[in-house]
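These figures come from a predicted structure and were not determined experimentally.
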Amino acid sequence: MAKSFFITTAIDYSNGQPHLGHAYEKIIADVLARSRVCFGEQAFFLTGLDEHGQKVQQAALAEGKTPQAFCDHLAIGWRSLPKTLNLRIDDFVRTTELRHKQVVQAILVKLEREGHFYKAEHSGFYSTRQETFLTEKDRLPNGGFDPFYGEVVELKEENYYFKLAPHQDWLISHIEQNPEFVSPENRRNEVLGFLKNQKLEDLCITRPASRLSWGIPIPFAPEYVTYVWFDALVNYISVPASHGDPIVCQALDLPGSSGEAGARELWPADIHVIGKDILQFHAVYWPIMLRAMGLPLPSRILAHGWWQKDGQRMSKSTGNTVDPQAVVTEWGVDAFRYYVVRELAIGADGNWTDAGFSGRYHSELANGLGNLVNRSLSMVHRYRGGVLPARSNDLEAEAAIASGETESHLRACNPQAALQSIWALIARANQYVDQTAPFKLAKDPHRSARLDEVLYALAETTRVLAVLLWPFLPGTAEKIYAQLGLGNSPNRFTDSSWGGIRPGHQLGPVAPLFPRKDHPKA
RNA sequence: GCCAGUGUAGCUCAGGGGUAGAGCAGGGGACUCAUAAGCCCUUGGUCGCAGGUUCAACUCCUGCCACUGGCACCA
């Protein structure tokens, strides 16, 4: 079996409910994953939950639950998100799963054996109340610490460290020689600046179990647990390992190396979709970890921006939030998917406004796409009883341009630009209706043949649009196919070539795709 | 403090040494297939400020201002 196109999101810290930022990241990844399905590739889309750590442990304690029970409860809501957003995911990982913990431990054993770790003592200011070390940043102007931290003591603690210094030079040259490795470009420059301007400090990879018990035990030092890096990031390879990926299994001496039946070839990842806040972890620490393990690096780290609401930071305490579930319930999942992808170039920060959402919904989805499909197919029903008599090539060239641009933009990870290309075809088709005026042709029996051609061009354009739209608006694309009377799914890009509808084809029933919401029915 | 970046029409942004562009919003018109949608036409800008280079600067250079991001640090 050939290697699949492997795309991941960050796994979310299971310490709250999904919000707009989480939903956005997953939708971007889903659009890119679905586009690969369209291109005829095997795609594998992974997302999941990061469940260990201090905050989870404390939150569980506060609720009188075990950390595992706390995570199990929260996971229910998170696992429903893919369904809410119509994500075509292939796996959902939780870091408390055995398959993940086993791989984490195998990695730790291997890297310890090969001398990548050392043990050292660190002393610093420790807040017993907050159970955390404080840094100079936490100091107040008078040199003390906020009473919030309670008693602060100078504490010495031994931990394991991962050596980073030997990796700095090759990482810089790898990023320089692979322009797509960190994208967009401004983020790449940021990482290069970070790497070139300072010596990397070694990474502390453990916590004493006495202080933080909710983590994966270090196999060779059970009085410690792993700290984030060698836990959360590892999901990107622990899941491939659990599917028998030969590259990961061989590098880590895991069972499955011999290539079992049903094994998936996943690693290296093609795209890690992440938020800009965790760029350093993915562009600096993660590549170094992989190199130390003897694994190839992912092809691309795609860092997206943050959303605001009405120009303000979203915050639960002020209620200034966007609830993805509520928007989907009110407007439909495809409207939500459309808005977040269309509004932002990947990497830019966005600003959600209800007026902006409603504006795009009405002008682009309802009046643009929805009305085009509705007017086109309605005329076929009205004038030809829903049967397309003759083929024509009007609009073929415009459809081909839209297809070509859509594909190249999707391959370049620019779904926003792809939507703009698709909407250029929608605008052209709406213009074509006015220029050819099929409703006038219908009144003149001598121009019946011309009417056939126009109706065909419009129906065929809506069919091409369904194919182009499938990665973005899968439900809508399938509705268009159903209205066209086509039984299959518009999920093959090769079907975007002109002439897919045969003369004599009978359309299905027509219904508006995106009903307007600003004019209540009279 | 250091390093980037941004500042263009009411809004979101594109552009790039030689009559300022798009989408949305606003205004007008002709049509009627359609979700009163669509189509055509159109009003908006001394392109952050001040200098400089040039025959010519919104575009290049310098300084300043504002905002954003990253890094570092201090009380």
Worksheet item: Quick one: Q420(A) CD to U12(B) C1', roughly how many Å, whole number?
Response: 11 Å

Discussion item. Apply side chain to side chain contact (heavy atoms under 4.5 Å, CB included) to residues W352(A) and V327(A) and explain how you reach the verdict.
Written reply: CA-CA 12 Å; W352(A) 177 293; V327(A) 177; 4.0 Å; yes

Item to complete: May I have the distance from L365(A) (atom CG) to A34(B) (atom P), rounded to whole angstrom?
Response: 21 Å

Discussion item. In whole Å, I'd like the distance from the CG atom of D310(A) to the C1' atom of U12(B).
Written reply: 15 Å

Worksheet entry | Identity of whatever pairs with C24(B) - Watson-Crick or G-U, under 3.5 angstrom | G10(B)

Worksheet entry | C1' spacing across the pair G38(B) / A30(B), given as an integer number of angstrom | 13 Å

Discussion item. Using salt bridge (charged side-chain N to carboxylate O under 4.0 Å, His left out), reason through D30(A) and K26(A) one step at a time and then give a plain yes or no.
Written reply: CA-CA 6 Å; D30(A) 188 60; K26(A) 280 152 191 59; over 6 Å; no

Item to complete: Go through A34(B), U32(B), G38(B) for me and flag the one nearest to the K440(A) side chain.
Response: U32(B)

Worksheet entry | Under 3.5 Å on both distances, the Watson-Crick or G-U partner of C67(B) | G5(B)

Discussion item. Need the pair for G17(B). Rule: Watson-Crick or G-U wobble, both distances under 3.5 Å, any strand; none if unpaired.
Written reply: none

Worksheet entry | C1' atoms of G15(B) and A20(B), separation to the nearest Å | 10 Å

Item to complete: Give the ring-plane orientation class for F39(A) versus F493(A), where under 30° counts as parallel, over 60° as perpendicular and anything between as tilted.
Response: perpendicular

Worksheet entry | Residue R516(A), side-chain atoms from C-beta onward, closest of A37(B), A34(B), U32(B) | A37(B)

Worksheet item: Do D434(A) side-chain and G38(B) base share a donor-acceptor contact under 3.5 Å?
Response: yes

Worksheet item: Distance between the C1' atoms of U68(B) and G27(B), in whole angstroms?
Response: 36 Å

Practice prompt. Report yes or no: is there a donor-acceptor pair, N or O only, under 3.5 Å between the side chain of N371(A) and the base of A34(B)?
Written response: yes

Item to complete: Look at all strands and tell whether L513(A) reaches a base, only sugar-phosphate, or nothing, counting heavy atoms closer than 4.0 Å.
Response: base

Discussion item. Using Watson-Crick or G-U wobble geometry with both distances under 3.5 Å, which nucleotide pairs with A57(B)?
Written reply: none

Item to complete: Would you mind classifying the nucleic acid contact of N374(A) as base, sugar-phosphate or nothing, using non-hydrogen atoms under 4.0 angstrom?
Response: base

Worksheet item: So what does G370(A) hit on the nucleic acid, given a heavy-atom distance under 4.0 Å: a base, only sugar-phosphate, or nothing?
Response: base

Discussion item. Can you see if the side chain of R382(A) gets near the phosphate of A34(B) - specifically, an N or O under 4.0 Å from OP1 or OP2?
Written reply: yes

Practice prompt. Sticking with atom C1', work out how far A22(B) lies from G63(B), rounded to a whole angstrom.
Written response: 33 Å

Worksheet entry | Atom-to-atom span, CG of N367(A) to P of C39(B) - whole angstrom | 9 Å

Discussion item. So P515(A), base contact, sugar-phosphate only, or nothing? Heavy-atom distance under 4.0 Å.
Written reply: base

Worksheet item: Just checking, any donor-acceptor pair under 3.5 angstrom between side chains of W307(A) and H19(A)?
Response: no

Discussion item. On RNA chain B, does the nearest nucleotide to K443(A) precede the nearest nucleotide to G368(A) from the 5' side, or the other way round? Give the residue.
Written reply: K443(A)

Discussion item. I need the CG-P distance between L200(A) and A72(B), as an integer number of Å.
Written reply: 11 Å

Practice prompt. Inspect the contact between R375(A) and D434(A) and indicate whether a charged nitrogen and a carboxylate oxygen are less than 4.0 angstrom apart.
Written response: yes

Worksheet item: Whole-Å distance between U35(B) C1' and L369(A) CG?
Response: 12 Å

Worksheet item: Can you tell which of L469(A), T476(A), D495(A), V467(A) makes a side-chain contact (heavy atoms from CB on, under 4.5 Å) with P490(A)?
Response: V467(A)

Discussion item. Using the side-chain heavy atoms of N430(A), tell me which of these nucleotides is nearest: C39(B), A34(B), A37(B).
Written reply: C39(B)

Worksheet item: Strictly under 6.0 Å, is that where the ring centroids of W331(A) and F357(A) end up?
Response: yes

Discussion item. What contact category does F514(A) fall into here, base, sugar-phosphate, or nothing, at under 4.0 angstrom with non-hydrogen atoms?
Written reply: base

Expected rows: protein N/O vs nucleotides 68-71 of chain B N/O, under 3.5 Å:
unit_1: G69(B); atom_1: O2'; unit_2: R187(A); atom_2: NH1; d: 3.3
unit_1: G69(B); atom_1: O2'; unit_2: E190(A); atom_2: OE2; d: 3.2

Worksheet item: Which whole-number value in Å describes the distance from H409(A) NE2 to A14(B) P?
Response: 14 Å

Worksheet item: Do the charged groups of K196(A) and D169(A) touch, with an N to O distance under 4.0 Å?
Response: no

Fill in: Ion pair check, K276(A) and D349(A), cut-off under 4.0 Å
yes

Discussion item. Work out how far the C1' atom of U12(B) is from that of U8(B), and round it to whole angstrom.
Written reply: 12 Å

Worksheet item: On a whole-Å scale, what distance lies between the C1' atoms belonging to G29(B) and G21(B)?
Response: 24 Å

Practice prompt. Report the distance from atom NE2 of H362(A) to atom P of A25(B), rounded to the nearest whole Å.
Written response: 12 Å

Practice prompt. Name the orientation of the base relative to the sugar in G28(B): syn if the glycosidic angle is within 90° of 0, else anti.
Written response: anti

Worksheet item: Which value, in whole Å, describes the distance between the C1' atoms of nucleotides G16(B) and C74(B)?
Response: 43 Å

Worksheet entry | C39(B) to C24(B) separation - P atoms, rounded to the nearest Å | 8 Å

Worksheet, complete the sentence: Answer for the Watson-Crick or wobble partner of U32(B), both distances under 3.5 Å, is none

Worksheet item: Is the gap between the ring centers of Y338(A) and W423(A) under 6.0 Å?
Response: yes

Discussion item. Looking at U62(B), which nucleotide sits across from it as a Watson-Crick or G-U wobble partner, both distances under 3.5 angstrom, or is there none?
Written reply: A50(B)

Discussion item. I want to verify a distance call: between G38(B), C40(B), U32(B), whose nearest atom is closest to the Q431(A) side chain?
Written reply: C40(B)

